[in-house]
Amino acid sequence: MGNGRKSSAYPYASGGWGSVKAVAKILLQEKAPLTDSRVLIHQNKPDGFMCVSCSWAKPASPHPFEFCESGAKATAWDITAKRVTPEFFRVHPVRELLTWHDHDLEEAGRLTEPLRYDTATDRYVPVSWQQAFDAIGAELRRMNPNSVVFYTSGRASLETSYMLQLFARMYGTNNLPDSSNMCHESSSVGLKEAIGVGVGTITLDDFEKTDLMFFFGQNVGTNSPRMLHQLQDARKRGVPIITFNPLREPGLLDFANPQSPADMLRPGDTQISTQYHQVKTGGDTAAILGMCKVVIDADDRAVSAGEPPVIDVDFIRDHTNGYDTFAQYVRDANWDDIVRVSGLERDAIEAAAREYMKANAVIAHYGMGLTQHRMGVQNVRMLCNLLMLRGNVGKPGAGPSPVRGHSNVQGQRTVGITEKPELAPLDQLARQFSFEPPRDKGMNIVEAFEAMLDGKVKAVVNLGGNLVRSVPDRLRTEPAWAHLDLTVNIATKLNRSHLVHGKTSFVLPCLSRIEIDRQASGVQAVSMEDSTACFHGSRGVAEPAAQTIRSEPFIIAGIAKATLAERSSVDWDAWRNDYARVRSEMATTWPEMFHDIERRMWTPGGFPRPLPARERQWKTKSGKAEFMVPDSIGEDPDMPEREPDSLRLMTLRSDSQFNTTIYNHDDRFRGIKGNRMVILMNPSDMAKHGLEHGDRITLQTIAGDDVERCVAGLTVVPFDVPQGCIGGYYPECNPLLPLWHHAKESKVPGAKSIPVRVIRTMAAHAG
Ligand SMILES: Nc1nc2c(c(=O)[nH]1)N[C@H]1C(S)=C(S)[C@@H](COP(=O)(O)OP(=O)(O)OC[C@H]3O[C@@H](n4cnc5c(=O)[nH]c(N)nc54)[C@H](O)[C@@H]3O)O[C@H]1N2
Ligand SMILES: Nc1nc2c(c(=O)[nH]1)N[C@H]1C(S)=C(S)[C@@H](COP(=O)(O)OP(=O)(O)OC[C@H]3O[C@@H](n4cnc5c(=O)[nH]c(N)nc54)[C@H](O)[C@@H]3O)O[C@H]1N2
Ligand SMILES: [Mo]
C-alpha cells in the first residue's frame with residue numbers, strides 16, 4: 001500500500017505546466033494555424049464541438065478552457081495543416097508505405113480525396129465520389145451479406161451510427177461490431193446482468209455528493225483528464241480516493257490544474273489517490289472479494305453484538321437477489337488465497353474496506369484494467385457486489401462508473417450499432433422502414449476475425465478504426481485481412497489497415513467533428529452520448545481540411561443508396577442533406593429517449609438518458625439487482641500451468657497516443673522518451689532474468705496452442721510494478737495476444753494479462 005507519494009519518473013503532476021508545454025509543442029508540430037488554435041476555446045462548450053478524444057462528460061458550466069492536454073493533442077492532430085493528396089500516392093507506392101511507422105502515416109496529414117487501390121501500379125489513385133459509391137455498391141450487391149462486416153470505431157456520431165446500422169440491416173446483416181467489443185463490452189454485459197442497464201449510472205452531480213471514490217484500472221491523468229476537474233473539487237471537500245492499479249501511475253498520484261494558477265505554482269502538491277494499492281494484474285476479483293469479506297465480517301459481528309448493521313439491509317432486502325449465497329461464499333473465502341492472487345497485504349485490503357464502511361455514498365470508477373481480462377465480466381460483477389453491499393447504486397453520490405473510451409462509443413450502442421439482435425429494436429425498425437431486418441446474431445470483433453481466418457468473412461466496411469493494429473494476434477490477423485475481397489475505409493488519416501488492403505479497396509476521406517459540415521439544407525450539427533449517459537449536440541468550428549472531403553453521413557448515405565437502390569424505403573439524399581431528419585427518425589424509434597432532441601441536444605451539460613437503475617428499477621431477469629458468486633478468483637483459470645519464471649503482460653497506452661494513433665514516441669508521465677518498444681519491469685524480476693536497465697529482450701506468449709507468438713527488440717526499463725507483472729505498449733505488443741484469449745462472456749480481448757516468457761536477452765551495449 002502507498003499513499004500517493006510522488007513518483008520519480010515525472011516531475012510534474014497531471015495537468016500543470018508540463019501539459020501546457022506539451023500542447024504548445026503539438027500545435028507547432030502540426031503547423032495548426034494560430035487562428036485555428038482558437039478552436040480549442042469551443043471545445044466542449046455548449047455551442048461548440050464535443051472533443052474527439054475521450055468520452056468524459058461535458059459540464060453545464062464549463063471551465064474557460066474545457067479541454068485537457070490529450071484533447072488538445074487530438075484536436076491539433078485533426079486540424080493539422082498537413083495534407084495527404086493524390087500527389088502523395090503518386091510518390092509513394094503502397095509497398096513503400098507499408099514500411100512506414102504508424103506515427104509517420106498519420107503524421108503525413110489529412111486525407112483529401114476518395115481513393116481506389118490500383119493493382120497495376122500498387123498505388124491508391126483518385127476516383128470521384130460517385131464512382132466510389134457505385135463500385136462499392138456493386139461489390140456489396142454480389143456478396144452474401146453475412147460475409148460482410150460493418151465495423152465502427154467509437155467516434156462516429158449518433159446520426160452516422162443510426163444510418164449505418166439501418167443500412168447494414170437493410171442490406172441483410174447484424175454484423176455490426178464496434179470498438180466497444182475490445183473495450184467496455186465487459187461492462188455492457190456485466191452491468192446489464194447485475195443492475196439491468198449496460199452503462200454507468202452516475203452523472204457529474206454525483207461528484208458533489210459522494211463520500212468516497214474508487215479507481216480500478218483506469219488511468220485518468222492520460223485517458224480522461226477532464227475528469228481531474230471533478231476529482232480535484234471532490235478532493236478539496238476531503239473525499240478520499242482509493243486506487244487499485246498494478247503500476248504506480250504518476251497520473252493517478254497528484255494533480256495540478258493548468259487553469260488554476262495557484263495550483264500550478266505548486267505543482268504536484270495536491271494528492272489524487274489517498275490510498276494506492278498495487279494489485280497484481282488480474283487480481284481485482286480477489287482484492288474486491290477481500291473488501292467484501294471485511295464488510296460482511298464486520299456486519300456479522302455487529303449483528304451478534306446487537307449493534308447497527310454494516311450492510312444496507314433495506315436495500316438488500318427490497319432491491320437485490322442472491323445475497324445469502326454470496327455472503328456465505330464470502331465468509332468461506334480464504335485470506336491466504338485473497339492475498340496470494342491479489343498480491344496485496346491483508347492490512348491494505350482492510351484499510352480500503354474501512355474507508356468504504358465509513359462512506360455513505362461511493363462511486364467506483366473503472367477502466368480497461370478490469371474489463372480486458374479473461375475474467376473481465378466477473379471483475380465488473382464483483383465491483384457491483386461490493387457497491388450493492390452498502391446500497392451504492394441508484395442513490396445520490398454513488399454508483400458504478402465505467403469510464404468509456406472513444407467519445408461516442410456508448411452512444412453508438414444506444415442507437416443500434418450492435419451485433420446482438422436482442423439489443424436492437426428490430427420490430428420497431430421493421431415497422432418504421434417497411435423491411436424485414438435479419439434476426440440472426442451478428443459477429444463481434446473476435447468472431448469476425450475468427451471467421452476471417454476461416455475465409456468466411458470477405459469484406460469489411462470500416463467507419464474509422466485501424467483494425468489490423470487494434471485487434472489481437474497481429475501476425476495471424478493481418479495476413480487474413482489482406483485476403484479480403486473488399487475493404488472500405490472511411491477515415492480522416494491514413495493508417496496501416498488501408499495499406500494491408502483487400503483485393504478491391506477504397507479509402508474515403510471524411511470530415512472530423514471539429515470541422516464545419518455544410519450540406520444542402522445548411523450547416524449541420526451532430527449528437528453524441530458521453531460516459532455518464534448524457535446526450536449533447538456538437539457543431540464544428542474549423543474550415544474543412546479540403547473541399548473534396550465529405551461528412552460521414554454523406555458517405556454512408558452514398559454507399560447505402562448505391563447498394564440498396566429500390567430495396568430501401570429511406571430517402572438517403574434527404575437524410576444526408578439534413579441530419580435533423582435522421583434525429584427525427586431516432587426519436588420515432590426511441591421516443592422516450594430522444595423526444596424533442598432538436599432542442600434538448602443544446603441543453604448545457606446535455607440531457608440524460610433514462611436509466612431505470614438510477615431510479616432503483618432493475619431490468620434484470622429477476623427484477624432485482626443481482627449478486628453474483630465468482631467462478632474463480634484467479635485471473636485465468638483456463639491457461640496452462642504457468643512456468644516459475646513466466647510474467648503477465650499488460651498492454652498500456654502512453655500519454656502521447658490515442659489508441660493506434662501515435663502522436664510521438666514519448667510517455668511523459670512514465671518518464672520514457674523516444675521509444676515505445678519498452679517493457680516496464682520490477683527490478684527483482686530483472687535481477688531474476690539477469691537483466692539490466694536498457695537490455696533488449698524478446699517476449700514469447702505462453703499459450704498452450706501451436707502458434708508461435710513473439711515480439712523482439714523490447715528494451716527493459718525498471719518500474720514500480722508488482723513482481724511477475726510487466727507493462728508494454730499497445731499496439732506494439734498485439735502480436736503476443738492470442739485471439740482466443742478473451743473474456744468468456746463479452747469476448748473482450750484479455751489485453752491486460754497475457755502470459756509470457758522472456759526467451760532471448762541482449763545486453764544494452766551489444767546493441
Ligand atoms: N489520451 C488518450 N486518451 C484515451 C485513449 C488513448 O489512447 N489516449 N483511449 C481511449 C479509449 S478507446 C479507452 S478504452 C480509454 C482507456 O483508458 P483506460 O481504461 O485508462 O485504459 P489503459 O490506458 O489501457 O489502462 C488502464 C490502466 O489499467 C491498469 N491495469 C492494467 N491491468 C490491470 C489490472 O489487472 N487491474 C487493475 N486494477 N488495473 C490494471 C494500467 O496500469 C493502466 O493504468 O481511454 C480513452 N482515452
Ligand atoms: N493490446 C491491446 N489492444 C487493444 C487495446 C488495448 O488496451 N491493448 N485497446 C482496445 C480498445 S479499448 C479500443 S477502443 C480499440 C480501438 O481500435 P480502433 O477503433 O481500430 O482504432 P483507433 O486507433 O481508435 O482508430 C484510429 C483511426 O480512426 C480514424 N479516424 C479518426 N478520427 C476519425 C473520424 O472522425 N471519423 C472516421 N471515420 N475515422 C476517424 C483515423 O484514420 C485513425 O487512423 O483498440 C483495442 N485494442
Ligand atoms: Mo476503448
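Each ligand, and each atom within it, is numbered from 1 in the order the structure gives.
Distance from atom 19 (O) of ligand 1 to its nearest protein heavy atom, with residue and atom name: M368 N, 2.8 Å. For atom 37 (C) of ligand 1, the nearest non-hydrogen atom of the protein is D284 OD2, 3.5 Å. When hydrogens are left out, the protein atom nearest atom 23 (O) of ligand 1 is N223 ND2, 2.7 Å; that is the closest non-hydrogen contact. Of all protein heavy atoms, the one lying nearest to atom 1 (N) of ligand 1 is T222 O, 3.1 Å.
Between E249 and ligand 1, at least one N/O pair is under 3.5 Å apart. At least one N or O atom of K752 sits closer than 3.5 Å to an N or O atom of ligand 2. In terms of polar-atom proximity, defined here as any N/O pair under 3.5 Å, G465 does make such a contact with ligand 2. Checked by distance only, ligand 1 and G282 come closer than 3.5 Å through their nitrogen or oxygen atoms. In terms of N/O distances under 3.5 Å, ligand 2 is approached by R653. Considering backbone and side-chain atoms together, N219 places an N or O closer than 3.5 Å to an N or O of ligand 1. On a distance-only criterion, H498 and ligand 2 share no N/O pair closer than 3.5 Å. Considering backbone and side-chain atoms together, Q657 places an N or O closer than 3.5 Å to an N or O of ligand 1. For ligand 1, the polar-atom distance check finds an N/O of N245 within less than 3.5 Å of one of the ligand's N/O atoms. On a distance-only criterion, N466 and ligand 2 share at least one N/O pair closer than 3.5 Å. Residue I490 has at least one nitrogen or oxygen atom sitting less than 3.5 Å from a nitrogen or oxygen atom of ligand 2, judged on distance alone.
Residue H373 touches ligand 1 through its side chain alone, judged by heavy-atom distances below 4.0 Å. Residue-level proximity to ligand 1 for M650 is carried by the side chain, the only part with a heavy atom below 4.0 angstrom. The side chain of N495, and not its backbone, has at least one atom closer than 4.0 Å to an atom of ligand 2 (non-hydrogen atoms only; side chain from C-beta on). Contacts of V409 with ligand 1, taken as heavy-atom pairs under 4.0 Å, are absent altogether. In A491, the parts holding a heavy atom less than 4.0 Å from any atom of ligand 2 are both the side chain and the backbone. Residue contacts with ligand 2 for R469 are absent, since no atom lies close enough (heavy atoms, distance under 4.0 Å). Contacts of N659 with ligand 1, taken as heavy-atom pairs under 4.0 Å, involve both backbone and side chain.
Under 3.5 Å, the side chains of Y124 and S505 contain a donor-acceptor pair of N or O atoms.
Per-residue contacts place V279 under 4.0 angstrom from the following atoms of ligand 1 (heavy atoms of the residue considered): 38 (N). For ligand 2, the atoms closer than 4.0 angstrom to any heavy atom of Q372 are 5 (C), 6 (C), 7 (O), 9 (N), 10 (C), 12 (S). For ligand 2, the atoms lying closer than 4.0 Å to a non-hydrogen atom of Y151 are 17 (O), 18 (P), 19 (O), 20 (O). Numbered from 1 in the order shown, with element, the atoms of ligand 2 that lie under 4.0 Å from a heavy atom of C183 read 12 (S). Listed by number with element, the atoms of ligand 2 under 4.0 Å from a non-hydrogen atom of E552 are 34 (C), 36 (N), 37 (C), 38 (N). In summary, the atoms of ligand 2 found under 4.0 Å from a heavy atom of C510, numbered by their order in the structure, are 36 (N), 37 (C), 38 (N). Every atom of ligand 1 is numbered from 1 in the order shown, and the set under 4.0 Å from a heavy atom of G217 is 19 (O), 26 (C), 27 (C), 28 (O), 29 (C), 37 (C), 38 (N), 39 (N), 40 (C).
Ring centroid separation for the pair F216 and H277 does not come in under the 6.0 Å cut-off. Outside the 6.0 Å centre-distance limit, the rings of W481 and Y151 are not counted as a close aromatic pair.
Contact between P246 and ligand 1 is present, with at least one heavy atom of the residue lying under 4.0 Å from the ligand. Under a 4.0 angstrom heavy-atom cut-off, G405 registers as lying outside contact with ligand 2. Close to ligand 2: R155, with a non-hydrogen atom less than 4.0 angstrom away.
A salt bridge is absent between E107 and K493; no separation between the charged side-chain nitrogens and carboxylate oxygens falls under 4.0 Å. A salt bridge does not link D102 to R496: none of the charged nitrogens lies less than 4.0 Å from a carboxylate oxygen. Using a 4.0 Å cut-off between a side-chain N of Lys or Arg and a carboxylate O of Asp or Glu, D78 and R513 do not qualify as a salt bridge. A salt bridge between R413 and D178 is present, with a side-chain N of the basic residue lying under 4.0 Å from a carboxylate O of the acidic one. At a threshold of 4.0 Å, the pair R539-E515 does not count as salt-bridged, since none of the basic side-chain nitrogens sits closer than that to a carboxylate oxygen.
The residue among T660, L652, V52, I514 with a heavy atom at the shortest distance from atom 26 (C) of ligand 2 is T660.
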